[in-house]
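To start, the structure under review is shown below, and the notes come after it.
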Amino acid sequence: MTDSCYCHEAGKMAAECDDLGTVFRSVGTSFGYEDIETKFARYKEFKSTWCRSGKKVNFQITDYLAEAGPEVLGDFALSLYMKIARRGDGDIYGPRLREYLVSDAFLERNQPLYVKRSRNLSRSPRGDNFDLRDTYDNLMATGMLGESRNVSLNWTIKENRMRVGYCSTIMHVVAISSLLDNMNVPEHVHEYVLYHELLHLEDGLSSSRRHHTAEFRAKEHLYPRWRESEDWLRRLAAKKVDLLRS
Ligand SMILES: [Zn+2]
């Protein structure tokens, strides 16, 4: 059997959760593992890693699940073991886990933690020129989007040029590049980027790696000034516009 290692260094949690080890050991036994170690790790993203050698496996589980109950952890353990064994359809979110991930309890605990761990977030919707809460309200008023629950709106600290929008669908966190928070960039450009990111949020937790499907593009093109906005973003990326700070 070949070894596979996806292990990263991570700090040990102050209080280890007993449930975690118990659940992972009980599920792992049915997959033939004899030596199973688990601990929570403080990754910024919702990710877990493992190191496997024969019948031994060592997991570092995202600490965003530190308050999850044994049933949710059981679902998660099962999906990870299935993934290691390359069984199943690759959907990492089982029904109970999925229900937990979209709960208020999960978001209330983890969204602030995620924002704190993200070094490039302004932690405020208020920019120098535009307030993302106003932009959000304007978009909602168009009726093109459903209401997003508890979304955290942020500008980036760095003026990202290539990746002008970011969305964590699991944490309900959206960030728009502060490059667009400029009087010389038309207001519809950042509005369009926010619209794009909110569409991702509306799509919810997807196990698919394909995010920009034809269906997604069709919805994106419902934004009246999408073509003009795309054109602006292309010119910004190519540094073809001179943006003097206002
Ligand atoms: Zn996208």
Side-chain angles (χ1 to χ4, degrees), residues 43-47 62 64 90-93 98 101-102 107 110-111 114-115 117-125 127 130-182 185-241 243:
Y43 295 125
K44 185 196 111 181
E45 297 300 337
F46 183 91
K47 74 164 186 180
T62 171
Y64 293 126
D91 186 357
I92 200 153
Y93 305 122
R98 199 174 271 272
L101 296 178
V102 300
L107 219 52
N110 294 309
Q111 191 189 63
Y114 180 85
V115 170
R117 288 174 183 177
S118 307
R119 303 235 172 116
N120 194 24
L121 296 186
S122 68
R123 301 181 196 175
S124 167
F130 304 120
D131 190 325
L132 291 172
R133 277 169 307 192
D134 298 336
T135 315
Y136 176 88
D137 289 344
N138 290 342
L139 282 169
M140 286 301 146
T142 64
M144 291 190 295
L145 285 157
E147 195 73 37
S148 310
R149 203 167 41 92
N150 305 328
V151 55
S152 162
L153 301 168
N154 300 270
W155 291 100
T156 60
I157 292 171
K158 284 186 242 154
E159 293 193 328
N160 297 5
R161 198 172 283 273
M162 304 308 287
R163 198 176 184 196
V164 288
Y166 172 80
C167 174
S168 165
T169 50
I170 198 161
M171 298 298 175
H172 292 218
V173 173
V174 170
I176 308 298
S177 173
S178 52
L179 183 69
L180 308 182
D181 179 28
N182 189 304
V185 179
E187 202 166 340
H188 62 81
V189 180
H190 86 273
E191 186 176 81
Y192 168 71
V193 175
L194 180 59
Y195 173 66
H196 175 108
E197 300 309 331
L198 292 173
L199 282 179
H200 282 309
L201 208 54
E202 202 171 65
D203 275 352
L205 299 176
S206 160
S207 52
S208 157
R209 290 198 179 271
R210 290 187 61 239
H211 298 298
H212 300 138
T213 57
E215 197 188 338
F216 184 93
R217 291 298 182 200
K219 280 194 273 183
E220 187 181 40
H221 296 168
L222 292 177
Y223 186 81
R225 304 176 84 169
W226 73 269
R227 216 182 278 274
E228 262 175 276
S229 306
E230 286 283 355
D231 190 46
W232 257 94
L233 293 171
R234 255 191 303 277
R235 280 158 50 215
L236 281 170
K239 300 191 180 180
K240 284 186 178 156
V241 268
L243 293 179

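Remember, it's 1-based here, ligands and their atoms both numbered in the order they're listed. We use all heavy atoms of the structure for the numbers below, so side chains are in, but hydrogens, waters and symmetry mates are not.
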>> Inside 2.8 Å of the Zn ion (ligand 1) but strictly below it, how many protein N/O/S atoms are present?
In response: 3

> Does the S122 side chain pair with the main chain of N154, one donor and one acceptor, at a distance under 3.5 Å?
Replying inline: no

>> If you apply the rule salt bridge (Lys or Arg N to Asp or Glu O under 4.0 Å), what do you find for R235 with D231, and how did you get there?
In response: CA-CA 6 Å; R235 280 158 50 215; D231 190 46; 3.5 Å; yes

>> Between E220 and R217, does any NZ, NE, NH1 or NH2 come within less than 4.0 Å of an OD or OE carboxylate oxygen?
In response: yes

> Can you check ring pair (Phe, Tyr, Trp, His ring centres under 6.0 Å) on H188 and Y192, steps first, answer last?
Replying inline: CA-CA 6 Å; H188 62 81; Y192 168 71; 8.6 Å; no

>> Applying side chain to side chain contact (heavy atoms under 4.5 Å, CB included), can you list everything that pairs with K158, at least two apart in sequence or on another chain?
In response: N120, N160

> Are the aromatic ring centres of H211 and H196 under 6.0 angstrom apart?
Replying inline: no

